[in-house]
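This report concerns only the one structure given below.
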Protein chains: 2
Amino acid sequence: MRADARRNRDRLLAAADAVFTERGADASLNDVAKRAEVGIGTLYRHFPTREALLGATCDERFLTLAQHSRERSASLSALEALRLFLEELVHYAGIYQGLAASLGIVLRSGTEGCHATTAEGQRLLEAAQREGEVRGDIRLDDVVCMAMAISLSASQDASGTKRIPRLTGMFIDGLRPPCDARGTRPR
Amino acid sequence: MRADARRNRDRLLAAADAVFTERGADASLNDVAKRAEVGIGTLYRHFPTREALLGATCDERFLTLAQHSRERSASLSALEALRLFLEELVHYAGIYQGLAASLGIVLRSGTEGCHATTAEGQRLLEAAQREGEVRGDIRLDDVVCMAMAISLSASQDASGTKRIPRLTGMFIDGLRPPCDARGTRPR
DNA sequence: TCAGTAAACGGAGGGTTGCTCCGCTTAAAT
DNA sequence: ATTTAAGCGGAGCAACCCTCCGTTTACTGA
C-alpha cells in the first residue's frame, strides 16, 4: 500500500469518526472528505459504501470489545459474561446517533473487529446454552436484535443511557429457560 | 374544508400508499405528487413532513389494529394480549420497506389511528403491570422500540419474517418480573 | 540519481431529492 | 355578480450522492 494511500485512509477514518460523532451516522460524506482535507473521490475509493466506512471506524472498538470480553469471561458465569457482552454491544451501538438501526449490517461488514465481535458473541452464547442458562433456540442474531432495541430505546429520551443496565438485565433474564423447568432461578 | 382540497388529499393518500408499497417508505415525494397528478407544493401543504404522510397512510390500519386488540383482549391474559399487540405492531411496521426505522415518529404523528394504537398499547401495558405480569418500570416507548428492532432485524436477512414470533416471545419474556418475586411462572 | 509506470488523487459535474416561495386559480360565501 | 381567502402549482435553490477522467505522485529498477 502506497504511503499517501495509507495516510489518506487514516485521515479519513479520523475525520469520519469526528463527523459521525458530531452529526450522527447519516452525516454527509462530503463533510467527512472536507474534514479529512481529501477529495471526495478518494473517500469513495477507500470506502465504496457508507457501511464500509462505518464498519472501518468501528473496527478498533469492536476489536477491543471482543478482547475485553474474552479476558473477563474466564472469571464469570456464562450468563453474566453474556450480559456484559450485550451491555457493551449496546454501548458501542450508541457511539454514533443512528448507528443502532444498522448494527446488524455493520457487524456483517467483514472487518476484523466485526468478525471478532460476532465470533465472541457466538462463543458466549453457546457456552451459556451448554450450561443450561439460556434457552437453546436463541441465536446470535436475536441477541444483536436485543442490542438494537435497547440502544434505540435509550436514544429516545435524554436520560436514556441510565436505563441501559436495567434493560439489559431484563432481557438477559428473558433468555433463560422457563423456571419451572429448572426450579427456582437464583437471583 | 374546500372540495378540491379534500379531493387532492384523497388522491395524495392513495398515491402515497401505492408508491410506498412499491418503493418503500423512503420513496421520492415528487413521485407521490406526480402519481397523484398534483403539484409538489400541494403535497407539502397537506403533509408538511414525510412522517405526517406516512402517519396518514397508516391511519386506517392502525385504527383497525387498535380495534382488533380491544376486541380480543377481553378473552386473553394481559400478557398474551400484549404479546399479540406487539406482534401485530411488528407486522404493520413491515408494510412498507423502511417504515420500521421511523415507527416511533410516525406513531407520534397525531393521526387518529396512531393515537388509538398508542392508547391501546398503554392500556394493555398498564393492565399487565397491574396484574404483576410485567415489571413496573417498563414504558410504552420500550415496547415500541422492541417492535422497531424486531422489524429491522427481520428485514435485514432473507428468512427474517419467520423469526418474528420467536423474537416477540423472547422480548415479552424479558418484560416479566424475576420469578422468585412471584413464585413459579406459569408457562 | 533519474526516468518510467502504475497507483492514487481531486473535484467538476450530472442526476436525484427535499422543500420553499409566490403569483395564479377557484370554491364558496354574500 | 362580486369578493376573498383558501388552495394550487411548479420553478428554483440547496444539499447530497457518486462517477469519471485528467493530473499528480510514490515507488522501482537501472
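Letters go in sequence order (proteins before strands), and every chain restarts at 1.
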Margin query: How many whole angstroms separate atom CZ of B:R11 from atom C1' of D:dG7?
Written below: 15 Å
Next item on the list: Output the distance between atom CD (A:Q97) and atom CG (A:D26), rounded to the nearest 0.5 Å.
Entry: 9.0 Å
Check: Through what angle, rounded to 10 degrees, does the axis of the helix from C:dT1-D:dA30 to C:dT30-D:dA1 turn between its ends, using five pairs per end?
Finding: 10°
Margin query: Nearest whole Å is fine: how far is D:dC16 C1' from A:L43 CG?
Written below: 13 Å
Next item on the list: At under 4.0 Å between heavy atoms, which parts of nucleotides 17-30 of chain D does protein reach? Answer with one letter per nucleotide, 5' to 3': B base, S sugar-phosphate only, - none.
Entry: BBB-----BSS---
Item checked: Side-chain donor-acceptor pair present, A:E120, A:S69, cut-off under 3.5 Å -> yes
Notebook entry, point to check: Among A:L152, A:L103, A:I150, whose side-chain contact (heavy atoms from CB on, under 4.5 Å) with A:V90 holds?
Noted result: A:I150
Item checked: d(NE2, B:H46; P, D:dA6) in whole Å -> 14 Å
Checklist line | Side chains of A:Q122 and A:E126, donor plus acceptor under 3.5 Å | finding: yes
Note to self: A:S73 vs A:R123, test: side-chain hydrogen bond (donor to acceptor under 3.5 Å, both in side chains). Steps then yes/no.
What the structure shows: CA-CA 10 Å; A:S73 71; A:R123 188 183 73 83; 2.9 Å; yes
Notebook entry, point to check: Is the shortest heavy-atom distance from the side chain of B:R139 to the side chain of A:D157 under 4.5 Å?
Noted result: yes
Item checked: Between OG on residue B:S28 and CZ on residue B:R50, distance to nearest 0.5 Å -> 7.5 Å
Next item on the list: Find the distance between CG (A:D17) and CD (A:E22) and round it off to the nearest 0.5 Å.
Entry: 10.5 Å
Next item on the list: Under 4.0 Å from any heavy atom of chain B: name the first and the last nucleotide of DNA chain C that qualifies, 5' to 3'.
Entry: C:dT17 to C:dA28
Checklist line | Under-4.0 Å salt bridge between A:R163 and B:D137 | finding: no
Margin query: Pairing donors with acceptors under 3.5 angstrom, does anything connect the side chains of A:S153 and B:D142?
Written below: yes
